[in-house]
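What follows is a single structure, written as structure tokens, with notes after it.
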Amino acid sequence: MQNNEIKHYDHIVIGSGLAGLSSALHLAKSGRSVAVVTKRSIEECNSRLAQGGVACVMDRLDTFDEHVQDTLTAGAGLCKEDVVRAIVEEGPAAIAELIELGAKFTTRGDLGYQDGRSEFDLGREGGHHKRRVLHAGDITGAELERVMIEAVRARPNITVFEYHIAVDLVISRRLDQTAPNRCFGAYVLDINANRVITFLAPSTLIACGGTGKVYLYTSNPDVACGSGIAMAYRAGAQIANMEFVQFHPTILHHPTIRSFLISEALRGEGAVLKCRETKGAEPVEFMHKYHPMKSLAPRDVVARAIDSEMKRTGEECVYLDIRMHSEEELKRRFPNIFAKCLEAGVNMAHDLIPVVPAAHFMCGGIKTGIDGASSIEGLYAVGESACTGLHGANRLASNSLLEALVVSRFAAASIDRNFAKFKKNHPTRTEPCHWTSGNATDSDELVVIAHNWDEIRRFMWDYVGIYRTDKRLERAKNRIKLIRKEIEKYYWDFKVTADLIELRNIATVAELIIDCALQRHESRGLNFNADYPFLDPELDCVDTVIQRKF
Ligand code: SIN
């Protein structure tokens, strides 16, 4: 199958979450043309679901040093301190810009406080020693997306292509290795028209979000297939630290309401974790056995503690107790969570909330500098697809929206500075850069896609989850090798569809996670391997880097 349609832009942004739209807006300031490619509607992204907020030093009782220190502590020896500091210190400017665009963060006045403390209500989450999480009720991500979408739509030089899914990057490889490979754009499937278009641009920025759908249980929406990381890997970019998958400790446990996050902000307001010692017994607190910060310990500690208590007691969930607050207070501070719990038959003011851990955030990704530049010239990555060095071995809560906002600014500035260089040697408007794949026949066995999809997500949960061993990882490796072979054959034999593209990406990302986990012979942050239960100080600051061999 071949397609000849080519679209030319100055910049391509793949993904319409906070990182993508913020990057597009900053790039568009130059007046150059920007294409935003997104596989569903512009609203559909992981950022929109963020409840907690944006971590940022805004209170006179807080300092940059303390935010840096909390980030480094959570990151367990793998953060890059200069990157952490630069992002933390740029936070207030990024927030000011958001407010100028119209973002409405909850103020203490909104909540009825009149205590003279800082204007914004600042939440607290696991691992933060200070209140520093700006939020818009408990739908912060939705508020930020609203503002970004409005701003993007108001920019005539940004064109948004909805229901367009990127298939692969357009790359020129330097076989002599004398210079970095170059990225010229992306092959993109127009889902509605069912044809592949070549998008060419001197700069391409990946902001495709995370990888939650690689796991059976996740807080992430369906779009989180790790597609940006998978494409960059196939193109030859360096990928780092994929073993560090963050499991959020508290997803609502309910037979039909799936993937609903119960924000860590509840624990910031005093909620405590409890579990039943035996069936029918009154649930009791347990986090004091695991960490001095108890229920507000860093997320890796809390998720592992819950996993261990559930295995020990044989219970299928643990509980969050926030009954110390009145119904009125809870409705005011957590309106969305309150309503969802009520739909599940749980009144947070009177009942315990049943919760379980689930895959939530990928700390690794496309290895970039603080400016989002990858190891391939002209290719940038921002947000959850990228690994800048901010999160290290475990992300501090609400640092990710901050990273998306700040690094998108740095990335746009870096692209601006390098634009002339990227433009040189860019394919001319007449040079062919067509997409070809093996065959144009429709598949007669779509069951293969659904089956492989389910199988990957199941064994990743069972073998590459919160508690790992080498034996489990080897099992997963054997399975993923077979499945990937099958998918590649399927990919080249049949007409490409959005489902097949996503399955292929999920399989690539699953293998990257397994390979990175097999390479790290220690337990650190989010990577716990019972065969290497201790942290190896020799591996402080040592990333796991993977790059495809051609
Ligand atoms: C939460 O609200 O608990 C999630 C925030 C985050 O993942 O940073």
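Read the numbers this way: they start at 1 and go in the same order the structure lists the ligands and their atoms.
One side chain, E97 or H26, offers a donor N or O that lies under 3.5 Å from an acceptor on the other. N394 and Q246 share a donor-acceptor pair across their side chains, judged by distance under 3.5 Å alone. Side-chain atoms of S219 and H360 form a donor-acceptor pair, as typed in the model, at a separation below 3.5 Å.
Near S398, the atoms of ligand 1 lying under 4.0 angstrom from a non-hydrogen atom of the residue are 6 (C), 8 (O). Residue contact check: A397 has heavy atoms under 4.0 Å from atoms 8 (O) of ligand 1. Heavy-atom proximity to E125, at under 4.0 Å, picks out these atoms of ligand 1: 1 (C), 2 (O), 3 (O), 5 (C). Close approach of ligand 1 to G52 is summarised as follows: ligand atoms under 4.0 Å from at least one heavy atom of the residue are 2 (O). The distance from ligand 1 to the heavy atoms of E264 drops below 4.0 Å at these ligand atoms: 1 (C), 2 (O), 3 (O). Near R395, meaning under 4.0 Å from any of its heavy atoms, are these atoms of ligand 1: 6 (C), 7 (O), 8 (O). Counting the atoms of ligand 1 from 1 in the order shown, those under 4.0 Å from a heavy atom of H360 are 4 (C), 6 (C), 7 (O).
Ion pair E309/K274 not flagged as a salt bridge, since none of the NZ, NE, NH1 or NH2 atoms sits closer than 4.0 Å to an Asp/Glu carboxylate oxygen. The residues R332 and E329 are annotated as not salt-bridged, no charged nitrogen and carboxylate oxygen being separated by less than 4.0 angstrom. Remark: R146 engages E143 in a salt bridge, criterion side-chain N to carboxylate O under 4.0 Å. Between K130 and D59 there is no salt bridge, since no side-chain nitrogen of the basic residue lies less than 4.0 Å from a carboxylate oxygen of the acidic one.
Neither the backbone nor the side chain of N399 has a heavy atom within less than 4.0 Å of ligand 1.
Backbone and side-chain nitrogen or oxygen atoms of A265 are examined, and none is located within less than 3.5 angstrom of a nitrogen or oxygen of ligand 1.
In this structure, atom 2 (O) of ligand 1 lies nearest to the protein heavy atom S263 OG, 2.6 Å. Considering only non-hydrogen protein atoms, atom 6 (C) of ligand 1 sits nearest to R299 NH2, 3.1 Å.
Heavy-atom minimum distance, R132 versus D70: NH1-OD2, 2.9 Å.
Using a 4.0 Å heavy-atom cutoff, Q246 is absent from the residues neighbouring ligand 1.
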